[in-house]
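What follows is a short report on a single structure.
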Amino acid sequence: MVKRKANKLEENSNTPDLRRSTRRKQTFPTPATEEVKASESDASQAPKSEPAKSKAATKDSAQQSTLPKCEADGTATSYWLMKAEPESRFERGVDVKFSIDDLASRTEPEPWDGIRNYVARNNLRAMKKGDIAFFYHSNCKEPGIVGTMEIVQEHSPDLSAHNSSAPYYDASSKPDNPKWSVVHVKFRSKLKQAIGLKELKEMGKSGQPLEQMQVLKQSRLSVSRVSPAEFQYLMGVVKERGGESN
DNA sequence: GCCAACGTTGGC
DNA sequence: GCCAACGTTGGC
């Protein structure tokens, strides 16, 4: 009974909001890199807000002046929120716990694996090197945003899906046609004081700054978008509460 | 542990 | 393609 998966539905990304989320990340060794067939759309969407970056770097020069740009290709930085579970929980006999402190202790880029939901996967595929993500602790005593990380390597196949001893093994994903993806991330900061879900919900009430925030509207989505305005607002809150440490 | 809110499966 | 039954997420 434990299966995780998300079959059917296959590649229809695009339709944004209709679907929900998937979960957390779990850690497993993964040889990074490989090519992916970015088949379908990666776009995942984002209704409102952000100037969605054009992945291919087509236009968008307009935004460059107002947003921090990410290196190389000159596209604008996008922001995300990714959930992981900081408390022990066993999936197929493996503990999937992964906290901000676990990430901080890594010396190599960490593959964000175990994502088994198409909307979340499409968000991973839309990420660009240099993008920033909030690290969110879920399914725990005090759920909320606890830190930030940076996307250091764009999507590649999630090879853990093909490993029968991995917690999120998915027999339906074939090595010659990988269904799931990872991005590699690195620790950037830990908040001096976490921003709890309760507070996020307050800031997400009607008329408040996070009214449109994706994760508040689709609470089960484990990899969601954060608009530049939402990101900046939240970083203002972080600053007021003692900032971050590296 | 409960359970609301969702996602997936599979019969028809 | 519909939709009932079942599975999962994740806050509480």
Side-chain angles (χ1 to χ4, degrees), chain A residues 1-28 40-47 80-100 102-103 112-125 133-147 158 160-161 166-174 177-182 191 193-206 208 210-226 234:
Chain A
M1 49 154 250
V2 192
K3 300 250 145 186
R4 157 127 280 97
K5 319 189 129 229
N7 279 341
K8 274 356 206 24
L9 259 199
E10 280 299 331
E11 338 259 302
N12 46 346
S13 17
N14 282 344
T15 30
D17 301 347
L18 307 185
R19 288 189 170 55
R20 241 21 113 3
S21 66
T22 306
R23 231 268 147 234
R24 48 215 129 223
K25 167 210 173 343
Q26 83 72 25
T27 320
F28 235 64
E40 53 252 100
S41 61
D42 322 351
S44 54
Q45 117 2 295
W80 310 92
L81 180 146
M82 299 163 82
K83 300 180 184 177
E85 300 180 64
E87 296 174 6
S88 285
R89 189 176 65 81
F90 291 83
E91 191 74 46
R92 296 175 60 93
V94 180
D95 193 349
V96 297
K97 154 183 151 45
F98 190 75
S99 68
I100 186 69
D102 291 324
L103 180 64
W112 200 267
D113 55 12
I115 300 303
R116 300 290 180 268
N117 165 282
Y118 289 104
V119 172
R121 182 205 65 178
N122 292 337
N123 279 337
L124 290 178
R125 291 185 178 183
F134 284 121
F135 192 115
Y136 179 95
H137 279 170
S138 72
N139 204 14
C140 59
K141 196 80 178 296
E142 299 191 314
I145 293 172
V146 296
D158 184 350
S160 74
Y168 295 115
Y169 171 62
D170 179 3
S172 74
S173 180
K174 305 301 181 188
N177 186 18
K179 183 184 287 188
W180 307 113
S181 299
V182 297
L191 307 192
Q193 192 185 338
I195 302 177
L197 176 60
K198 196 173 302 180
E199 300 156 89
L200 290 171
K201 283 179 169 172
E202 284 296 317
M203 304 171 204
K205 287 185 169 172
S206 179
Q208 295 297 117
L210 304 185
E211 184 177 1
Q212 301 294 321
M213 194 169 173
Q214 190 176 22
V215 74
L216 296 177
K217 304 184 111 173
Q218 296 179 234
S219 66
R220 293 172 55 185
L221 188 56
S222 64
V223 178
S224 62
R225 288 184 177 271
V226 174
L234 283 166

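Keep in mind that this is a model prediction, so the values were computed, not measured. By convention in this document, chain letters (A, B, ...) are assigned in the order of the sequence lines, proteins followed by strands, and residues within each chain are numbered from 1.
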Salt bridge flag under 4.0 Å for residues A:Arg121 and A:Asp158: no
Spacing between A:Leu216 atom CG and C:dG10 atom C1', to the nearest angstrom: 14 Å
Residue list, side chain to side chain donor-acceptor pair (under 3.5 Å) with A:Lys205, at least two apart or on another chain: A:Glu202
Short side-chain N/O contact from A:Tyr168 to OP1 or OP2 of C:dT8, under 4.0 Å: no
Cationic N near anionic O, under 4.0 Å, A:Arg89 to A:Glu91: yes
A:Leu221 CG - B:dA4 C1' separation (whole Å): 17 Å
Nearest-angstrom distance from the residue atom NZ of A:Lys201 to P of C:dC12: 4 Å
Any donor-acceptor pair under 3.5 Å from A:Lys174 side chain to A:Ala171 backbone: yes
Whole angstrom value for the distance that separates P of C:dG11 from CZ of A:Arg89: 12 Å
Rounded distance (Å) that lies between atom C1' of C:dT8 and atom CZ of A:Arg116: 15 Å
Nearest-Å distance for atom pair CG/C1', residues A:Asn139 and C:dG11: 8 Å
Protein-nucleotide distance (A:Met82, atom CE; C:dG10, atom P), rounded to Å: 13 Å
Euclidean distance, atom OH of residue A:Tyr118 to atom P of C:dT8 [Å, nearest integer]: 16 Å
